[in-house]
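Both counts, for ligands and for their atoms, begin at 1 and track the order of listing.
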Amino acid sequence: MAQQQKIRKAVFPVAGLGTRFLPATKAVPKEMLTVVDKPVIQYVVDEAAEAGIEHFVFVTGRGKGVIEDYFDIQYELEQMLRERNKNAELTLLAGLLPKAGTASFTRQQVPLGLGHAVWCARDIVGNEPFAVLLPDMIMSAEKGCLKGMVDLYAQTGGNVLAVQECDPEQAHKYGIVGVGDAVGEGFKITQMVEKPAKGTAPSNLYINGRYILQPEIFKILETQERGAGNEIQLTDGMLALAKSQEFAAYPFKGDTFDCGAKDGFILANLAFALQRADIRPAIEGPMKALLASLK
Ligand code: UTP
């Protein structure tokens, strides 16, 4: 088996407007909304770190400065914690901070679409395969989604997308893949269809927001025309890349929460809170009572 080039860098496109979460996103980027006690973006960065990512590339935009501040030392706060002997809190903060020089921030001045946001990272990524993680999709599983993809990539090379089952009735809302020959824990992708018309989807496996891509995608995105929603779409770029390169799928076994939507965000809060031994006992009973009280 050929030795694959290591996936060292991950791109987090965080420049979207987050209109589905207005009015909150008028003042707070959706990536900074908290699931239990951590901002959504922290879950995704943790997933990348677990997969061996060494450099975190954030494509930010107007009003997203707080994300950059979040991944920095808060000197006054830490000084105060030190003076008050809050050592557990200090350790927690230190553990979440990317090492100096391992986080880069670039700016997408106009939110022209996900494909354009990824293209904005081209100089920082350079000529090597890289990961893209949509920061509003957070996942819960024993083995992180990106870790599973990196393991599959070690066998397949090329491009790898994570996919997950959806209700076939809902397939028209997603990017759906066609299923080819099995390879390792995954399979070869035969086709990709963005939001297929009802009843025409090649499977019920949707692309869930995690990608490993070869750097040739940048050249394609540079001239990619606007597609659905009048935005420069990553899917259109991948379709063009698929003409010359292989794409494999990693079927992710776990839960995915779309925290860019209100229902997904609320479910994520409930799911992650119920996984916490320090929180579950306090909320389980009241949650059941609340549900029972609803007509
Ligand atoms: P979404 O379509 O979910 O994000 O894009 P959005 O545009 O922020 O959300 P709504 O639909 O208005 O509520 C998927 C991801 O791509 C990023 C978003 O930040 C999100 O993480 N994105 C999207 C960009 O970085 N730039 C863009 O131009 C568009």
Run the salt-bridge test on Arg20 and Asp263 with the 4.0 Å N-O cut-off and return the result as yes or no.
-> no

Can you tell me which residue and heavy atom of the protein come closest to atom 11 (O) of ligand 1, and the distance to 0.1 Å?
-> Arg20 NE, 3.1 Å

Roughly how far, to the nearest 0.5 Å, is the CZ atom of Arg8 from the CD atom of Glu54?
-> 5.5 Å

Right, does atom 5 (O) of ligand 1 have protein non-hydrogen atoms nearer than 4.0 Å?
-> no

Could you see which bit of Pro111 sits under 4.0 Å from ligand 1, with heavy atoms only: side chain, backbone, both or neither?
-> both

Measure the distance from atom 17 (C) of ligand 1 to every protein heavy atom, then report the residue, atom name and distance (to 0.1 Å) of the closest one.
-> Pro13 O, 3.5 Å

Going through the distances and angles, do Asp181 and Lys188 end up as a salt bridge (Lys or Arg N to Asp or Glu O under 4.0 Å)?
-> CA-CA 5 Å; Asp181 292 343; Lys188 288 187 178 177; 5.6 Å; no

Looking at Glu128 and Lys6, does any basic side-chain N land under 4.0 Å from a carboxylate oxygen?
-> no

Looking only at protein heavy atoms, which one is nearest to atom 20 (C) of ligand 1, and how far off is it?
-> Asp136 OD2, 3.7 Å

Would one find an N or O of Leu17, backbone or side chain, under 3.5 Å from an N or O of ligand 1?
-> yes

Any N/O pair Phe21/ligand 1 closer than 3.5 Å | no

Structural part of His116 in contact with ligand 1, heavy atom criterion under 4.0 angstrom = neither

Asn208 side chain vs Gln164 backbone, donor-acceptor pair below 3.5 Å = no

Atoms in ligand 1 flagged as close to Gly113, the criterion being non-hydrogen separation under 4.0 Å = 26 (N), 27 (C), 28 (O), 29 (C)

Under the side-chain contact (heavy atoms from CB on, under 4.5 Å) test, which residues partner Val179, sequence neighbours left out?
-> Phe187, Ser203, Leu205

Using a strict 4.0 Å cut-off to heavy atoms of Pro135, name the atoms of ligand 1 that fall inside it.
-> 21 (O)

Side chain, backbone, both or neither: which part of Leu112 comes within less than 4.0 Å of ligand 1 when only heavy atoms are counted?
-> backbone

Got a donor-acceptor contact below 3.5 angstrom from the Gln233 side chain to the Ala228 backbone?
-> yes

Atom CD1 in Ile138, atom CD in Gln42: separation rounded to 0.5 Å?
-> 11.0 Å

Within 4.0 Å of some non-hydrogen atom of Ala117, the atoms of ligand 1 are 24 (C), 25 (O), 26 (N)

Specify the protein heavy atom at minimum distance from atom 9 (O) of ligand 1: its residue, its atom name, and the distance to 0.1 Å.
-> Lys30 NZ, 3.2 Å

Kindly confirm or rule out an N or O of Gly16 lying under 3.5 angstrom from an N or O of ligand 1.
-> yes

With a distance cut-off below 6.0 Å to the six-membered ring centre and an angular limit of 45° from the axis, does Lys38 pair with Tyr43 as a cation-pi contact?
-> yes

State plainly whether the residues Arg226 and Glu231 are in salt-bridge range, i.e. N to O under 4.0 Å.
-> no

Write out the residue and atom name of the closest protein heavy atom to atom 8 (O) of ligand 1, then the distance separating them to 0.1 Å.
-> Gly18 N, 2.8 Å

For atom 26 (N) of ligand 1, the closest protein heavy atom turns out to be Gln108 OE1, 2.7 Å

Check each of Val59, Ile67, Val45 against Phe12 using the side-chain contact (heavy atoms from CB on, under 4.5 Å) test, and report the only one that passes.
-> Val45

Check each atom of ligand 1 against the heavy atoms of Leu114 and keep those under 4.0 Å away; list them by number with element.
-> 16 (O), 27 (C), 29 (C)

Shortest protein heavy-atom distance from atom 25 (O) of ligand 1, along with the residue and atom involved = Ala15 N, 2.9 Å

Is there a nitrogen or oxygen of Leu134 sitting under 3.5 Å from a nitrogen or oxygen of ligand 1?
-> no

Looking only at protein heavy atoms, which one is nearest to atom 12 (O) of ligand 1, and how far off is it?
-> Thr19 OG1, 2.5 Å

What closest approach, in Å, do Ala201 and Ile176 show between heavy atoms, and which atom pair accounts for it?
-> CB-CG2, 4.2 Å

Those atoms of ligand 1 less than 4.0 Å from some heavy atom in Glu31 = 19 (O)

Should Phe257 and Ser140 count as side-chain neighbours, where that means a heavy-atom distance under 4.5 Å?
-> yes

